[in-house]
Number of protein chains: 2
Amino acid sequence: MNIVDPNLHVDRESRITLGVLRGVGLGPGDPELMTLRAARQVSEAKIVAYFSKRGKPSHARAIAARFIAKDCAELPLTYPLTTEIPFDHPDYVAALAAFYEESAERLALHLSLGRDVALLCEGDPMLYGSFMHLQTRLSSRFSVEVCAGVSGMSGCFASARQPMTWGDDVLTVIPATLPREALAMRLAATDAAVVMKLGGNLGKLRLALQDAKLTERAIYVERGTMADEKIMRLTDKRDDDAPYFALVLVPGDGRRP
Amino acid sequence: MNIVDPNLHVDRESRITLGVLRGVGLGPGDPELMTLRAARQVSEAKIVAYFSKRGKPSHARAIAARFIAKDCAELPLTYPLTTEIPFDHPDYVAALAAFYEESAERLALHLSLGRDVALLCEGDPMLYGSFMHLQTRLSSRFSVEVCAGVSGMSGCFASARQPMTWGDDVLTVIPATLPREALAMRLAATDAAVVMKLGGNLGKLRLALQDAKLTERAIYVERGTMADEKIMRLTDKRDDDAPYFALVLVPGDGRRP
């Protein structure tokens, strides 16, 4: 029995007639790192939904493309244009909240008519995933299933062939969006670290790594597992240009017989 | 170019004639959570190796069983009996070191004859994985490839349908083998936590969760993604019996529009 079931108050009868929302984890980018279940769930789907930025193809859709059936209906969910507003500004939060509400209702329309919807998710749906915002809005009304995916960071560990945690190592996953002091404190207090969401934060992260005396151990991974991946010691990276989804790894050095 | 390549000092010519060591991540236990690449690599393998405990079937082999070819040679690597010695005792460390040395040389024999070896790995090979101990012993002599897998913890997030990290949440992965004070300090200082390696440590972890005032948020997951999985609030678990690979999740509660 799953007592943290978010669907507990959906009664048994309505479950039979309502559609199921499936969050399908697609892995870090290389389509061959999709799970067998994800490939099956996508190929069986009559409706697939996916997030994208306006004017850009959906990355999630691109990963899953080869498995989407010809007669499958597609439901693109396009983020509002908010790049000119800082992410912690109330207007940005309000715009995103309205977008997630509207997206949830678009899915709810199909689910309430008994149609299952597969929502395509990059990486692991439960780690910083947009899927979570729809799950929280829909799980009181509809059944939700989650197909685990290879996380973006696991893909990067493998691409860099970098053992991360040994023995009793503590691993800390840190968004680079935090202030320099918080980053340095987190980095100094852990055995191994993954710093996510680099984007415009790489210069600040370099300073925090210096503060924590970890510069020499840091590895930069951009587009890990994809054909154009870049992996290098951070000290060898000459600029601070990094995409939002690039990572910095600080491998652990713990007990190893 | 991968400049953290552990194979840098293997010269180009010998790469052609030597075998490749592949660490194949198999995911958290449900065979359908294997990646497409893992399924392909296992089915193409002429030699598969896997770890197991003496007298018990290999869990990794069981996950991959349906893909192992009939004419495939199998190389079981059986851990020495060490349950009567504490894991930090010098005799335990020495016994394990000798075991990893011997295992590495068993693989090296095949690799040096030009035979590829697929080493089957539960979860993500780079997180607390036995594969790492062979990689470090063999990567100066042979090419090593790593196929990322769904980590045990990602499998548990999905089985529990539990969003873990929102916005700027920091996630800390903590071995329950640490002392109570260290556990409580780590738990109190993070937004979201995964506590691994429960085994005999669940009683101690309960006290640490109390110290950190997190008891009510803790979710217990045993054999996540497998047919006999158990998922419950930790407060509903009546005993302190937990297998080594059981986890406790403390989901984050960060920014969400």
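Chain letters run A, B, ... following the sequence lines, proteins first and then strands; every chain starts at 1.
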Worksheet item: Given that the side chain runs from C-beta out, which part of A:Thr225 has a heavy atom under 4.5 Å from chain B: side chain, backbone, both or neither?
Response: neither
Worksheet item: So which part of B:Met153 gets closer than 4.5 Å to some heavy atom of chain A, the side chain, the backbone, both or neither?
Response: side chain
Discussion item. Among B:Asp169, B:Thr136, B:Val173, which residue has the highest count of heavy-atom pairs closer than 4.5 Å to chain A?
Written reply: B:Val173
Worksheet entry | Toward chain A, the part of B:Tyr100 with a non-hydrogen atom under 4.5 Å | side chain
Worksheet item: Is there a side-chain contact between A:Leu178 and B:Val170, using heavy atoms and a 4.5 Å cut-off?
Response: yes
Worksheet entry | chain B-proximal positions within residues 187-198 of chain A [heavy-atom distance under 4.5 Å] | A:Ala189, A:Thr190, A:Lys197
Worksheet item: So do the side chains of A:Trp166 and B:Leu127 get within less than 4.5 Å of each other, counting heavy atoms only?
Response: no
Worksheet entry | Residue pairs involving residues 120-129 of chain B (criterion side-chain hydrogen bond (donor to acceptor under 3.5 Å, both in side chains); sequence neighbours excluded) | A:Ser154-B:Asp124, B:His59-B:Glu122
Discussion item. If you define the side chain from C-beta out and look only at heavy atoms, does anything of A:Thr35 sit under 4.5 Å from B:Val150?
Written reply: yes
Discussion item. When you measure from the side chain of A:Arg161 to the backbone of B:Glu145, do you find a donor-acceptor pair of N or O atoms at a distance under 3.5 Å?
Written reply: no
Fill in: Check: A:Met132 and B:Thr165 side chains under 4.5 Å, non-hydrogen atoms
no
Worksheet, complete the sentence: Between B:Met126 and A:Pro163 the two heavy atoms that sit nearest each other are SD-N, 3.4 Å
Worksheet item: What are the two closest non-hydrogen atoms of B:His133 and A:Pro257, and how far apart are they?
Response: CE1-CD, 3.5 Å
Worksheet entry | Heavy-atom pair of closest approach, residues B:Ala148 and A:Gly155 | CB-CA, 4.0 Å
Fill in: Region of B:Pro28 that comes under 4.5 Å of a non-hydrogen atom in chain A
neither
Worksheet, complete the sentence: Per-residue tally against chain B (heavy atom, under 4.5 Å) across A:Ser151, A:Gly149, A:Gly27 peaks at A:Gly149
Discussion item. Nearest 0.5 Å, please: how far is CG in B:Asp168 from CD1 in A:Ile174?
Written reply: 12.0 Å
Practice prompt. Considering only heavy atoms and a distance below 4.5 Å, find which of A:Cys156, A:Gly167, A:Pro125 pairs most often with chain B.
Written response: A:Gly167
Worksheet item: Considering residues at least two apart in sequence or located in another chain, which fulfil the side chain to side chain donor-acceptor pair (under 3.5 Å) criterion with B:Arg217?
Response: none
Discussion item. The test is side chain to side chain contact (heavy atoms under 4.5 Å, CB included); show your working for B:Leu33 and A:Leu36 and say whether it passes.
Written reply: CA-CA 6 Å; B:Leu33 291 176; A:Leu36 301 167; over 6 Å; no
Worksheet item: With B:Pro251, which residues qualify under side chain to side chain contact (heavy atoms under 4.5 Å, CB included), at least two apart?
Response: B:Gln162, B:Met164, B:Ile219
